**Q** 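I'd like to ask you about the structure that follows.
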There are 2 protein chains.
Amino acid sequence: MANSLKDLKSILAENNYKLTSQRKVILGVLLENKGEHLSAEEIYSIVKQEDPGIGLATVYRTLELFCELGITQQLTFDETCRRYELESEEDHHHHLLCVKCSKVMEFNDQILEDFEKDLGKKYNFKVTEHKIKFYGYCEECQ
Amino acid sequence: MANSLKDLKSILAENNYKLTSQRKVILGVLLENKGEHLSAEEIYSIVKQEDPGIGLATVYRTLELFCELGITQQLTFDETCRRYELESEEDHHHHLLCVKCSKVMEFNDQILEDFEKDLGKKYNFKVTEHKIKFYGYCEECQ
DNA sequence: AACTATTTGCCATAAATTTTCACCTACTAA
DNA sequence: TTAGTAGGTGAAAATTTATGGCAAATAGTT
């Protein structure tokens, strides 16, 4: 979706939102941490290094906005906090969670896309997205 | 798993836990609301009608215990609270979430079980459980 | 019926997120 | 370029969700 600041600017403009320095910095942090699944607090602490004046509430507000605009996506693992990652059409992936070391890995798949189509017909449910988590033991923890 | 109070009694006894009136009431509420996905607060408010003296902390502690014993299972939709449902070997299902009316439906499947096996080989990840959510539009909201 | 380890209720606390509000700033139109 | 304005921000308070401590109560045993 938003792979650069230029993208961010146009996405915001299209939706009548302003391009602020805080939003730029937060997108920057997300871009620099692709593949990570950061919480708002974690993003906040990284962002603060670049812009010490930024407030935690702004991070929350920005992430909410980014999700609304399809720039980011919320992840809910089984924790008390929510995590975020950049959303991407090209790289649709899911997560493997190790129940022992808590490592989170990603995987892509095509089979599920096909499965999704069948599901729509079978249950008369028009699927727009799916979130799939597999729990188990990673290579090292088996 | 626990389909009756008798089951509960033996599960608790096997694990050296006591059968208290609070635990009975909470299981009762879960049994009467199969198919629902209640939060701790919601369970608390229903339970209170039957036993006004019960404390919220007890509900949380009981649900934690029930999950530990495999009686219930935690669900994390994209909310701030966790939800619970009875766990059942026979009825392994997943969820369809309508993005418009927020209704949550359930579905069973076999294809995913097979898919899971392949995944284990492909990524050297020993899958023990999966949680799958499909988002989209339900029959009425299409 | 008495014993004892669990369990509970109440209250305080923690942690995550949201709201409030006064001030600030990015875009727009003149 | 320069206001004007709608939208955005920071700080702190408020909410929401969940957990921890402790004295009193209780289930299961002796």
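Naming: A, B, ... by sequence-line order, numbering from 1 per chain. All values derive from a computational prediction rather than experimental measurement.
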**Q** Let's see if you can work this out: which of C/dT8, C/dA16, D/dT9 has an atom nearest to the side-chain heavy atoms of B/Thr20?
**A**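 When the side chain of B/Thr20 is considered, C/dT8 is the closest of C/dT8, C/dA16, D/dT9.
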**Q** Rounded to whole Å, please give me the gap between CD in A/Glu41 and P in C/dA15.
**A**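 Roughly 10 Å, once rounded to whole Å.
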**Q** Could you grab the distance from atom CG of B/Leu63 to atom OG1 of B/Thr72, nearest 0.5 Å is fine?
**A**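 Between atom CG of B/Leu63 and atom OG1 of B/Thr72 there are 6.0 Å.
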**Q** Please work out if A/Leu56 contacts a base, only the sugar-phosphate, or nothing of the nucleic acid, heavy-atom cut-off 4.0 Å.
**A**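 The residue A/Leu56 makes base contact.
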**Q** For the ring pair A/His95 and A/Phe77, is the centre-to-centre distance below 6.0 Å?
**A**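 Under 6.0 Å, so yes.
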**Q** How would you label the contact of A/Arg61 with the nucleic acid (heavy atoms, under 4.0 Å): base, sugar-phosphate, or nothing?
**A**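 Since a base atom lies under 4.0 Å of A/Arg61, the category is base.
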**Q** Between atom NZ in A/Lys18 and atom P in D/dA6, what is the gap in whole Å?
**A**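 Value for this atom pair: 9 Å.
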**Q** In whole angstrom, give the distance that lies between atom NZ of B/Lys9 and atom P of C/dT7.
**A**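 In whole Å, C/dT7 P lies 15 Å from B/Lys9 NZ.
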**Q** Separation of B/Arg23 atom CZ from D/dA27 atom C1', in whole Å?
**A**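 For the pair B/Arg23 CZ and D/dA27 C1', the rounded distance is 10 Å.
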**Q** Expressed as a whole number of angstroms, how long is the span from B/Asn16:CG to D/dT29:P?
**A**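 It is 9 Å, rounded to the nearest whole Å.
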**Q** Of the candidate nucleotides D/dG10, D/dT9, D/dT17, which contains the atom at the shortest distance from the side chain of B/Cys81?
**A**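 Per side-chain heavy atoms of B/Cys81, the pick is D/dT17.
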**Q** Between B/Tyr17 and B/Ala40, which has a closest nucleotide on DNA chain D that is more 5'?
**A**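 The answer here is B/Ala40.
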**Q** Which heavy-atom pair separates B/Asn124 from A/Gln142 by the least distance, and what is that distance?
**A**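 Distance-wise, the nearest heavy atoms are O-NE2, 3.0 Å.
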**Q** With a 6.0 Å cut-off on ring centres, are B/His94 and A/His130 close enough?
**A**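 Centroid separation for B/His94 and A/His130: 6.0 Å or greater.
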**Q** Base, sugar-phosphate, or nothing: which does B/Glu64 touch, judged by heavy atoms less than 4.0 Å apart?
**A**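 B/Glu64: no heavy atom of the nucleic acid under 4.0 Å.
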**Q** Roughly, in whole Å, what's the span from CG in B/Leu63 to C1' in D/dA18?
**A**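 Taking CG of B/Leu63 and C1' of D/dA18, I get 12 Å after rounding.
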**Q** Whole angstroms only, please: what is the CG-P distance between A/Leu19 and D/dT9?
**A**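 In whole Å, D/dT9 P and A/Leu19 CG are 10 Å from each other.
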**Q** Given the side-chain rings of B/Tyr123 and A/Phe134, with only the six-membered ring counted for Trp, is the space between their centroids under 6.0 Å?
**A**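 Ring centres of A/Phe134 and B/Tyr123 not closer than 6.0 Å.
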**Q** From CG of B/Asn15 over to P of C/dT6, roughly how many Å is that when rounded to an integer?
**A**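 So the CG-P distance, B/Asn15 to C/dT6, works out to 13 Å.
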**Q** Establish, with yes or no, whether the OP1 or OP2 oxygen of D/dT19 is under 4.0 angstrom from a side-chain nitrogen or oxygen of B/Tyr60.
**A**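 For D/dT19, neither OP1 nor OP2 has a side-chain N or O of B/Tyr60 closer than 4.0 Å.
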**Q** Judged by each residue's nearest nucleotide on DNA chain D, which is more toward the 5′ side, A/Asp51 or B/Tyr84?
**A**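 Upstream on the strand: A/Asp51.
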**Q** Can you tell me which nucleotide in C/dT19, C/dT8, D/dG10 comes closest to the side chain of A/Ala57?
**A**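 Nucleotide nearest to A/Ala57's side chain: C/dT19.
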